[in-house]
Amino acid sequence: LPYRVRWQDLKDLFRKAGTVLRADVSLGPDNRSRGYGTVLLATAEDAGRAVDMFNGHTWQTRVLEVRLDRLLPEYDSQLPVASSSTGTSSSSHPSLGSSSHLGSTSSVADEIEYMSLYHANDPSSSRNLFVGNLPFHCQWQDLKDLFRQAGTILRADVALGPDGRSRGFGTVVFATDYDAERAVKMFNGYDYNGRVLKVHFDK
């Protein structure tokens, strides 16, 4: 992506392919673009159309690389998430104040309503975990990589302040209650880069 592109620009461009639920541009610690991002479209058809329209598309002198994103490498299902450039990352969205990545697996992709997953912090669900006392350099990717040891993750978020810096806590949404319970047992009290994590079911 051109480095001056923000999430609004990305959303406006991909809107030509279909309904955009969310667009993110990955930002570094200095709040500058890393040159890649993610776009979440409403349907698989829209996502496929976006790949056809924009993969190889020249935008502000840069040639875009757009492909369908995946949650985990071992799942081969094509999901309605188009990723711009080679990264599978995203960054803070002004309305959410958190850094997140959205995906699903082959077994549940057809059953999950993407908008409900997009607002996945449902207090009635026992798949959602609160993770406190995170190191401040920890991004959503780090949180996801750590908690992946407990099971399949649908979403990981690190709360960000207005300055784009971590607030030291986040949430992880697992595919099953069992995986979430295992994560609490594995990581509550776990020493992560010198900080003892506090992990409990999100209230």
Side-chain angles (χ1 to χ4, degrees), residues 1-96 98-110 112 114-115 117-118 120 137-148 152-158 160 164 166 170 173 175:
L1 289 172
Y3 286 99
R4 58 175 168 263
V5 162
R6 291 291 180 251
W7 70 265
Q8 298 96 326
D9 308 314
L10 191 58
K11 186 171 183 178
D12 288 343
L13 179 69
F14 275 76
R15 195 175 274 156
K16 297 171 184 174
T19 302
V20 176
L21 300 182
R22 174 168 180 169
D24 290 291
V25 172
S26 181
L27 303 180
D30 57 359
N31 224 29
R32 291 183 180 176
S33 168
R34 288 186 170 124
Y36 61 88
T38 54
V39 178
L40 176 67
L41 292 120
T43 67
E45 289 78 13
D46 288 351
R49 192 180 307 116
V51 172
D52 292 341
M53 286 177 68
F54 298 119
N55 187 42
H57 175 75
T58 301
W59 193 25
Q60 296 180 16
T61 74
R62 295 181 77 90
V63 179
L64 299 183
E65 179 184 338
V66 182
R67 59 177 173 75
L68 293 173
D69 200 5
R70 289 167 178 78
L71 175 65
L72 298 174
E74 60 265 30
Y75 291 109
D76 291 328
S77 63
Q78 292 189 344
L79 305 172
V81 181
S83 177
S84 300
S85 188
T86 54
T88 56
S89 178
S90 62
S91 68
S92 62
H93 188 294
S95 64
L96 296 179
S98 66
S99 174
S100 64
H101 177 67
L102 187 59
S104 180
T105 69
S106 55
S107 60
V108 294
D110 294 333
I112 292 178
Y114 275 90
M115 281 306 286
L117 181 58
Y118 178 55
H137 62 75
C138 179
Q139 301 294 315
W140 70 264
Q141 297 98 324
D142 307 313
L143 188 60
K144 186 173 174 182
D145 288 343
L146 177 67
F147 276 76
R148 182 179 283 165
T152 302
I153 292 174
L154 299 181
R155 174 169 175 168
D157 292 286
V158 171
L160 302 180
S166 168
V173 183

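Just so we're clear, the structure is a prediction, and the values are computed from it rather than from any experiment.
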CD on Q60 to CG on D9, rounded to 0.5 Å: 7.0 Å
CG-CH2 distance between L64 and W59, expressed to the nearest 0.5 angstrom: 7.0 Å
Residue pair L143 / V158: nearest heavy atoms and the distance that separates them: CD2-CG2, 4.1 Å
Interatomic spacing from CZ in R155 to CH2 in W140 - rounded to 0.5 Å: 11.0 Å
Min side-chain heavy-atom separation N55-E65 under 4.5 Å: yes
Closest non-hydrogen atom pair between K144 and I153, with its separation: O-CD1, 3.4 Å
Shortest non-hydrogen contact between A50 and L41, atoms and distance: CB-CD1, 4.1 Å
Partner residues of D52 under the side-chain contact (heavy atoms from CB on, under 4.5 Å) criterion, sequence neighbours left out: none
F54 versus L13, closest heavy-atom pair with distance: CZ-O, 3.2 Å
Residues in side-chain contact (heavy atoms from CB on, under 4.5 Å) contact with D142, at least two apart in sequence or another chain: C138, Q139, Y192
Value rounded to 0.5 Å, distance of OG1 in T38 from CZ in F14: 10.0 Å
Listed partners of R62 passing side-chain contact (heavy atoms from CB on, under 4.5 Å), at least two apart: P2, Y3
Interatomic spacing from CZ in R34 to CG in L27 - rounded to 0.5 Å: 8.0 Å
Residues in salt bridge (charged side-chain N to carboxylate O under 4.0 Å, His left out) contact with D46, at least two apart in sequence or another chain: R49
Any residue meeting side-chain hydrogen bond (donor to acceptor under 3.5 Å, both in side chains) with R6, in chain and number order, not counting sequence neighbours: none
For D12, side-chain hydrogen bond (donor to acceptor under 3.5 Å, both in side chains) partners two or more places apart: R15
